[in-house]
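This report refers to the structure that appears directly beneath it.
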Amino acid sequence: IGYAVGQDNNHGTSEAAALFIGGSWLVALGNREARNWEKAGRRWLEERAERLIEPDGSFSQYSVNYHRLMLDTFSVAEVWRRHLRLAQFSITLRHRVGAAAEWLRSVTDPLTGDAPNIGANDGADLLRLTDAGFRDHRPSVQLATALFSDATAYPNYGPWNAHLGWLGVTPPNNLRPTVGDRMFPDGGYGVLIRANAMVTFRFPHFRFRPSHADALHIDVWFAGENLLRDGGSYSYADPTWHEYFSGAHGHNVVQFDDRDQMPRLGRFLWGDWLTVSDVQP
């Protein structure tokens, strides 16, 4: 697991969940030696939640798609923990993952479930338990909010509730209030909502390595349609397209002299990370 943890991304959370689930399953089947795997998985889930999820709910990968993958991973681990009636995770883990669910809800269009394509997106989707589309983030938000915040993000009907039914999670009675303007200074995001219009603003505040040169990107939505958008990343197969999608060209930013915002040191690594000196909501 050392390599996965060293990446400070979804690799560490995924492998920790695998150790926890696989280890506890084997213990339940009578294999006492697997207890060490279960304990290691729990320890790394706790450590990764505290390190990679910021207090405001932002995730280390600065990616909406991988934020969902991370959120689903913790949800699966929590569902499994409840299934085997194992000891609860720490308050810190529950608070951090709950904040991550609220972060994703804040950037998700409630009418369509779609969200800005900020950061890497290679099609990763862990839980396919609903006929909702790939870009509908509401099922993941609903599940994680129910599990870690004892509330629902959306009313208890619609495709976003399918995860709860399949996984045997009873919908809580507490419904979250409607999302309003939000600032996420730990990850570098701002959300402005007016009626059925939404603007998501990206500013550089990097505690972890950025994968995209998207400083000052502005995402504009109206009535569920993404008018000014982020290109995401899609497949990593073609280096030319990868440079396009991860660089300034693939974002709604001002670019000078066809130059990128930071020097590229490798396929997934930038140098001389940008910083901000003042952020005023």
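We use all heavy atoms of the structure for the numbers below, so side chains are in, but hydrogens, waters and symmetry mates are not. Throughout, residue positions are numbered sequentially from 1 according to the sequence presented.
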Full working for salt bridge (charged side-chain N to carboxylate O under 4.0 Å, His left out) between Arg43 and Glu46: CA-CA 5 Å; Arg43 182 175 70 251; Glu46 297 279 1; over 6 Å; no
Starting from the C-alpha separation in whole Å, work towards a yes-or-no answer on salt bridge (charged side-chain N to carboxylate O under 4.0 Å, His left out) for Arg138 and Asp136. CA-CA 6 Å; Arg138 292 172 296 183; Asp136 192 338; 2.8 Å; yes
Verdict with supporting geometry, Asp109 and Thr112, side-chain hydrogen bond (donor to acceptor under 3.5 Å, both in side chains): CA-CA 6 Å; Asp109 174 56; Thr112 65; 2.7 Å; yes
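Side-chain contact between Asp150 and Asn174 is absent, with no heavy-atom pair separated by less than 4.5 Å. Ser24 places a side-chain heavy atom less than 4.5 Å from the side chain of Trp80. The closest side-chain heavy-atom distance from Leu167 to Leu143 is below 4.5 Å. Under the 4.5 Å side-chain criterion, counting only non-hydrogen atoms from C-beta, Trp160 is not in contact with Val141. Arg207 is listed as a side-chain neighbour of Arg51, based on a closest heavy-atom distance under 4.5 Å. In this structure, Asp114 and Thr108 have side chains that are not in contact, with every pair of non-hydrogen atoms separated by 4.5 Å or more. The closest side-chain heavy-atom distance from Thr275 to Pro204 is not below 4.5 Å. Residues Asp8 and Leu52 meet the side-chain proximity criterion, which asks for heavy atoms closer than 4.5 Å.
The cationic group of Arg82 does not satisfy the cation-pi geometry with Phe89, failing either the under 6.0 Å distance to the six-membered ring centre or the 45° limit from the ring axis. Under a cutoff of 6.0 Å and an axis angle of 45°, Arg202 and Tyr189 form a cation-pi pair.
Side chain of Ser233 to main chain of Ala120: no donor-acceptor pair is present (N/O by atom type, distance under 3.5 Å, no hydrogens or angles). Put simply, the side chain of His249 never gets that close to the backbone of Phe245: no donor and acceptor are under 3.5 Å apart.
Placement of Leu19 and Val76 in two distinct hydrophobic clusters is found when ILVMFWY residues are connected by side-chain heavy-atom separations under 4.5 Å, directly or transitively. Grouping the Ile, Leu, Val, Met, Phe, Trp and Tyr side chains by contacts below 4.5 angstrom, directly or via other members, places Leu228 with Ile218. Under the 4.5 Å side-chain contact rule for hydrophobic residues, Ile193 and Ile118 share a cluster. A continuous path of Ile, Leu, Val, Met, Phe, Trp and Tyr side chains, each step under 4.5 Å between heavy atoms, connects Phe74 with Leu86, placing both in one hydrophobic cluster.
Of all heavy-atom pairs between Asp56 and Gly187, the closest is OD2-N, 3.6 Å.
Ser149 pairs with exactly one of Glu102, Arg94, Arg176 by the side-chain hydrogen bond (donor to acceptor under 3.5 Å, both in side chains) rule, that one being Arg176. Residue Tyr66 is tested with Asn121, Asp122, Thr13 for a side-chain hydrogen bond (donor to acceptor under 3.5 Å, both in side chains); the sole match is Asp122.
Using bins of under 30°, 30° to 60° and over 60° for the plane-to-plane angle, the ring pair Tyr244/Trp241 lands in the perpendicular bin. Between His67 and Phe59, the ring-plane angle classifies as perpendicular under the 30° and 60° cut-offs.
Ion pairing between Arg96 and Glu54 fails under the 4.0 Å rule for side-chain N and carboxylate O.
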